[in-house]
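Values below: every heavy atom of this structure, side chains too, minus hydrogens, waters and symmetry copies. To find a chain, count down the sequence lines: A is the first, B the second, and so on, and within it residues start at 1.
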2 protein chains.
Amino acid sequence: MDQKMIDIYNLIQELAWLFGDHGFNGECCGDLTFIEYMALKKIEASDQITVQETGRALNFTKSGASKIIDRLENKGYVARQVSPLDGRVCCISPTIQGRSAAAGIIQQYTSYLDEILQELGPAEISNIRSALQLLVDSAHNRADWPVGGVGR
Amino acid sequence: MDQKMIDIYNLIQELAWLFGDHGFNGECCGDLTFIEYMALKKIEASDQITVQETGRALNFTKSGASKIIDRLENKGYVARQVSPLDGRVCCISPTIQGRSAAAGIIQQYTSYLDEILQELGPAEISNIRSALQLLVDSAHNRADWPVGGVGR
DNA sequence: ACGGATAGTTTCCTTTGTCAACCAATAATA
DNA sequence: TATTATTGGTTGACAAAGGAAACTATCCGT
């Protein structure tokens with residue numbers, strides 16, 4: 001039983017490695033780093049998000065978040081815009097190029113998955129999907145983390 | 001069907017984030033970075049490994065690998081030793097402290113998993129394990145990667 | 001209108017990894 | 001055997017990236 005948890009842990013870690021920043025030979029996300037890509041995804045998902053919210057979502061300080069957004073902006077993938085409601089806050093939104101870059105990355109990985117999973121039947125694939133979903137949901141349902149706090 | 005692949009991709013990415021270098025508030029692995037921890041795991045797994053092999057296993061250049069091993073050595077987790085067969089190569093091996101540090105990290109994550117998965121029954125947990133296994137095996141059975149080559 | 005709070009940016013600093021040059025040891029060849 | 005090429009590893013200069021703290025601009029409460 002405990003062994004099963006250890007297995008799960010090691011497997012997750014292996015996946016985290018394979019699909020993280022170093023797995024795909026450093027070229028994990030086109031001209032984006034893994035972190036920049038995650039930020040772009042968050043920005044896309046909420047369609048209007050502030051600098052600090054982006055940072056909070058990704059466990060970065062606000063200065064770190066500001067710089068990540070700088071890089072995305074320099075690449076033309078997001079745009080800053082002063083909020084009409086509050087002159088201090090920046091509304092970050094994805095540009096057309098940003099959306100299409102993200103779509104391209106998803107496309108690329110999806111076809112990679114298609115390829116490596118082609119041996120499997122649809123039932124097995126469904127099963128993988130729901131197992132992952134269960135895992136991610138369980139992790140999100142926990143407010144805190146194994147070590148330290150989340151605040152920053 | 002394609003949507004299912006996209007789901008799987010996004011879920012893996014979420015997991016990669018949660019269990020990667022930034023997920024746990026930066027404190028992912030005690031006094032080790034994610035990368036250092038992965039290197040320690042590789043070193044532990046093979047019990048005798050060279051600097052370059054470590055680098056190759058983790059997609060780092062040899063100088064990068066050398067420095068990662070420097071840091072592990074400074075922390076007292078691995079030891080360098082000149083190979084008796086070839087005076088050029090370094091045999092890296094984990095120290096007692098290295099083994100116990102790795103065990104501690106595994107312990108910590110395992111109990112975290114225990115906690116977040118406590119709602120689930122043993123059958124569901126078994127299912128998660130085998131789904132992850134299937135995924136990781138499928139990825140490893142592919143020699144190459146979605147973009148670029150592996151060589152360095 | 002003024003003092004405190006809040007969102008972002010910028011500057012300085014540390015960490016990390018690559019590239020290229022280098023050293024030492026082995027292998028190959030004349 | 002002497003010499004040259006190759007290979008494993010380390011080192012130094014450099015660039016990228018993110019945190020802390022100082023700074024700017026705006027908003028809110030009195």
Side-chain angles (χ1 to χ4, degrees), chain A residues 17 20-29 31-40 43 48-75 78-93 148-152, chain B residues 17 20-29 31-40 43 48-75 78-93 148 151-152:
Chain A
W17 185 261
D21 219 351
H22 286 84
F24 289 121
N25 204 19
E27 301 202 33
C28 85
C29 311
D31 61 347
L32 298 177
T33 64
F34 186 53
I35 285 163
E36 287 160 8
Y37 175 58
M38 289 302 286
L40 180 56
I43 291 166
Q48 280 287 56
I49 194 173
T50 68
V51 172
Q52 292 208 58
E53 280 164 1
T54 310
R56 232 172 287 128
L58 299 178
N59 261 326
F60 278 93
T61 62
K62 60 178 184 171
S63 70
S66 180
K67 293 179 188 180
I68 292 168
I69 291 170
D70 278 348
R71 302 201 297 270
L72 286 174
E73 195 175 28
N74 288 338
K75 288 171 182 163
V78 304
R80 279 175 166 95
Q81 196 174 355
V82 185
S83 165
L85 301 172
D86 185 333
R88 293 168 299 180
V89 321
C90 266
C91 292
I92 319 294
S93 52
V150 163
R152 191 157 285 214
Chain B
W17 185 262
D21 219 351
H22 286 82
F24 289 122
N25 204 17
E27 301 204 31
C28 85
C29 311
D31 61 346
L32 298 177
T33 64
F34 186 53
I35 285 163
E36 286 161 8
Y37 175 58
M38 289 301 286
L40 180 56
I43 291 167
Q48 281 286 57
I49 195 173
T50 70
V51 171
Q52 293 207 58
E53 281 165 1
T54 310
R56 233 171 288 130
L58 299 178
N59 262 327
F60 279 94
T61 62
K62 61 179 183 172
S63 69
S66 180
K67 292 181 185 177
I68 291 169
I69 291 170
D70 279 347
R71 302 200 298 270
L72 287 173
E73 195 174 28
N74 289 338
K75 288 172 183 163
V78 305
R80 277 176 166 96
Q81 196 174 354
V82 186
S83 164
L85 302 172
D86 185 333
R88 292 167 299 180
V89 321
C90 266
C91 292
I92 318 293
S93 52
R152 189 158 286 218

> Nearest whole angstrom, please: distance from the P of dT16(C) to the CG of Asn59(B).
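To the nearest whole Å, that distance equals 19 Å.
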> As a test of reading the structure: which of dT16(C), dT11(C), dG8(D) is closest to the side chain of Lys67(A), going by heavy atoms?
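Nearest listed nucleotide: dT11(C).
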> How long is the gap from CG on Leu72(B) to OG1 on Thr54(B), to the nearest 0.5 Å?
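One gets 9.0 Å once the value is rounded to the nearest 0.5 Å.
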> Specify the separation, in whole Å, of atom CD1 of Ile35(A) and atom P of dA16(D).
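It is 16 Å, rounded to the nearest whole Å.
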> What's the closest nucleotide to the Thr61(B) side chain, out of dC12(C), dG17(C), dC19(C)?
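Selected nucleotide (nearest to the side chain): dC19(C).
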> Rounded to the nearest 0.5 Å, how far does CG of Leu40(A) lie from CD1 of Ile68(A)?
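Those atoms lie 12.0 Å apart.
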> Atom CG of Leu85(B) to atom C1' of dA25(C): distance rounded to whole Å?
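Atom-to-atom, Leu85(B) to dA25(C), this comes out as 14 Å.
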> When all nucleic acid strands are considered with a 4.0 Å heavy-atom cut-off, which category describes Thr33(B): base, sugar-phosphate, or nothing?
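Here Thr33(B) touches the backbone only, sparing every base.
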> How long is the straight-line distance from OH of Tyr37(B) back to CG of Leu32(B), given to the nearest 0.5 Å?
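The CG atom of Leu32(B) sits 9.0 Å away from the OH atom of Tyr37(B).
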> Please state how far atom CZ in Arg56(B) lies from atom C1' in dG9(D), giving the value in whole angstrom units.
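Interatomic distance, CZ of Arg56(B) to C1' of dG9(D): 13 Å.
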> Looking only at side-chain atoms of Arg71(A), point me to the closest of dT10(D), dT9(C), dA17(D).
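Closest of the options to the side chain of Arg71(A): dA17(D).
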> Over how many whole Å does the gap from Gln81(A) atom CD to dA7(C) atom C1' extend?
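That distance rounds to 16 Å.
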> Could you check which of dT10(D), dT26(D), dG17(C) has an atom nearest any side-chain atom of Ser63(B)?
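Of all the options, the side chain of Ser63(B) is nearest to dT10(D).
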> Given dG19(D), dG8(C), dT6(C), which nucleotide is nearest the side-chain atoms of Arg88(A)?
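Side chain of Arg88(A) sits closest to dT6(C).
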> If you assign each of Asp86(B) and Asp86(A) to its closest nucleotide in DNA chain C, which residue comes earlier from the 5' end?
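The 5'-side residue here is Asp86(A).
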> Could you give the distance from OG1 (Thr50(B)) to CZ (Arg56(B)), rounded to the nearest 0.5 Å?
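Answer for the OG1-CZ pair, Thr50(B) versus Arg56(B), is 6.0 Å.
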> Rounded to the nearest Å, what distance is computed from the CD1 atom of residue Ile92(B) to the C1' atom of nucleotide dT10(D)?
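Rounded to whole Å, this separation is 12 Å.
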> Answer with base, sugar-phosphate or nothing: what part of the nucleic acid does Gly64(B) contact at a heavy-atom distance below 4.0 Å?
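Since a base atom lies under 4.0 Å of Gly64(B), the category is base.
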> Tell me: CD1 of Ile69(B) to P of dG8(D), nearest whole Å?
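Taking atom P of dG8(D) as the reference, CD1 of Ile69(B) is at 14 Å.
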> What is the distance, rounded to the nearest whole Å, between atom CG of Asp21(A) and atom C1' of dG18(D)?
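So the two atoms are 13 Å apart, to the nearest Å.
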> Which of these nucleotides, dG17(C), dT9(C), dT16(C), is closest to any side-chain atom of Arg80(A)?
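Nearest nucleotide to the side chain: dT9(C).
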> Could you please name the option among dT10(D), dT16(C), dT10(C) that lies closest to any side-chain atom of Val51(B)?
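Among the listed nucleotides, the one closest to the side chain of Val51(B) is dT10(D).
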> May I ask you to say whether Asp31(B) pairs ionically with Arg71(B), meaning some side-chain N is under 4.0 Å from a carboxylate O?
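Salt bridge between Asp31(B) and Arg71(B), a charged N being under 4.0 Å from a carboxylate O: no.
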